Amino acid sequence: MNIGRTLAIARKQFLSVRHDPRTLALMLLAPVMAMLIFGFVFGTKPEHVPVLVVNGDSGKLAQQFIDNIDHTTLNIQNSTDANDAKNQVTDGKKTAAIIFPSDFSENTQPQILGPGKVLPPKGTKVQIFIDTTDEQLAAAVTQSLAEAGQKLVSKQNASPVTFQTDYAFPKAKDARYLDYFVAGIMVFAITVFTTLLTLLAFVGERSSGTLDRLKSTPVTEAEIVIGYELAFGAIAAIQGILLLAVAYFVYHILVVGSVFLAGLLIILTAIDAQVIGVLISAAAKRESQAVQFLPFIIFPVFLLSGIFVPVQSLPNWLKPFSYILPPTWSIDGIRDVLLRGWSISYVWPHVLILLGFAIVLSVLAVLGLKRKE
Amino acid sequence: MKYAVEVKDLIKDYSKEVRALDGATLKIPEGKVYGLIGPNGSGKTTMIKILAGLLAPTAGEVLVEGLNPQKEKRELHKLIGYMPQETALYNELTVKENLELFGRLYNIPRKELTDRINDLLGFVDLVKRSSTIVANLSGGMKHRASLAAALLPKPKLLILDEPTVGVDPELRATFWARFAEMQADGTTILITTHYMDEASRCEEVALINQGKIISQGAPKEIIQKTKSENLEEAFLKLTRKGGDK
Ligand SMILES: Nc1ncnc2c1ncn2[C@@H]1O[C@H](COP(=O)(O)OP(=O)(O)O)[C@@H](O)[C@H]1O
Ligand SMILES: [Mg+2]
């Protein structure tokens, strides 16, 4: 082995990076960004899970129970109306409603009738009305309540608190993490593949001269962008059918709502992903440069769009980044449809937001295509 | 006389350092086969892209078929056929599929389009290759397919960027014969080339060097004016003269 020749090869590599400062920046930045986001996302457990407490207890014990609850994990708000509290859970606004009966104090503590005459507590049940479609949030609720109950037992010499659990979405009573996860992974796969394919296709259009040829014909930039959207929308429809079929027949995922509505959300996801690809393509002259952008699509979508960890549990400063990612909305919408069984009358905001992204991004893409050197 | 192209004091800066066109002025009479001749890097492609409305000029005036390529490109694009210097075809599509695509962008009726495609495939000698994926064609074949795509809309002004590179002499002769035919039908043809010997086939030429038009007129006139044997010698004399100034 010759050191001089070996160093010459190494030097060439450094030189080519030096002539392409963006590559250098990306090489240094992408891993740092990935590590930071990974840490923030997986380093957190669910926090501020929204729950409503209806304290109907005529004594003081329920309040002590409530004070024992870990207030970082659960974001507790009070309500006086049990039915309204439950409705808020079925509407997806809260993860659970916790309802204390009026005899909670009375029947949780031993009854002291006189000196030496102590009757064991009769026992009563705290009612939990819970949304189990997000397994992690539901687990955070039940765990916090169990812990608070134990503290009460040890401090107040109370009898163990028992819970009566009712499900806001009975069909999703036994939802597994997989059921929750599938929507995320479908959207992730479609987003990354569609963005990558469009990105490469458009970089190809630019570098091969076909874009110039297209632009010299009567075709308009809007027709080019919409033409691409039609194609990728159709491809996404087929991809969506395949993915849903695998999810259903192989993983036996829970499907409560309309598969077609889920499919619509998937198509919108693909269209958003496609336009993002067109937009990024303007910044890349060659395929090799285009590929460098991938980590900047993959990591944020992977970590921030709620695939693994509910957006709910992200640190507050990270949440806005989640909300500007179209996949966040499609994943949430698809979960609402598949697990909660919600119809268009509930998920129309998701559809509108995804459509809004598509329109705004398309306009930007058209303007980008119109731009000339 | 009517002009298909009128360019005055055209300047194009790609960046602070790179001035690709440096006050170029030129007029192309309607119905001519016109050559834009100059060495590599002299600004031919830049000029053509500005004429086709694909690049914005930094300064100067441009009229193509009486239209401003920046402001009236929709109308302009119905009138021109453009063959880029790169092959500019979809590699994954067959020759025929490529031609059908570009034909549809001009809204040519289906029946008419089929006829035109068959005619053009014959002309560029690709009938047997019409169902071949472009990626699998040789360089020369790709070039011919690309030319066919530019001829498809039967344009009023045909703009060809180095159409004869990598084309063998026999086919080159066929190309020029076709250009003459189209010209007889009233088409204006603008061809760039860095082959000086091809220039003699043009009725008029403009010699371009470092972004400036250094001479314009019939090739014979330019040769006589500079007392040269051929256009190549004339070009060298003209550039040297430019350098002396
Ligand atoms: N996109 C571009 N960015 C920067 N410089 C360019 C670009 N395209 C061409 N140039 C420069 O402009 C000059 C003219 O190029 P071009 O018009 O392609 O010449 P020709 O077609 O005659 O070979 C050259 O110096 C070339 O390097
Ligand atoms: Mg050129």
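Owing to the predicted nature of the structure, the values given are computational and were not obtained by experimental measurement. Per chain, numbering begins at 1; letters A, B, ... match sequence-line order.
Separating the CZ atom in A:F249 from the CG atom in A:L244 is a distance of 10.5 Å, to the nearest 0.5 Å.
The aromatic rings of B:F179 and B:F175 lie tilted to each other, with the angle between the two planes from 30° to 60°. Taking the six-membered ring where the residue is Trp, A:F202 and A:Y228 present tilted rings, their angle falling between 30° and 60°.
Both the backbone and the side chain of B:S146 come within less than 4.5 Å of a heavy atom in chain A. For a residue to count as touching a neighbouring chain, one of its non-hydrogen atoms must lie under 4.5 Å from one of that chain's; by this rule A:E223 does not touch chain B.
Each of B:D161, B:L54, B:I159 was checked for a side chain to side chain contact (heavy atoms under 4.5 Å, CB included) with B:K49, and the lone residue meeting it is B:L54.
With respect to chain A, the highest number of heavy-atom pairs below 4.5 Å among B:Q85, B:Q70, B:M83, B:K78 belongs to B:Q70.
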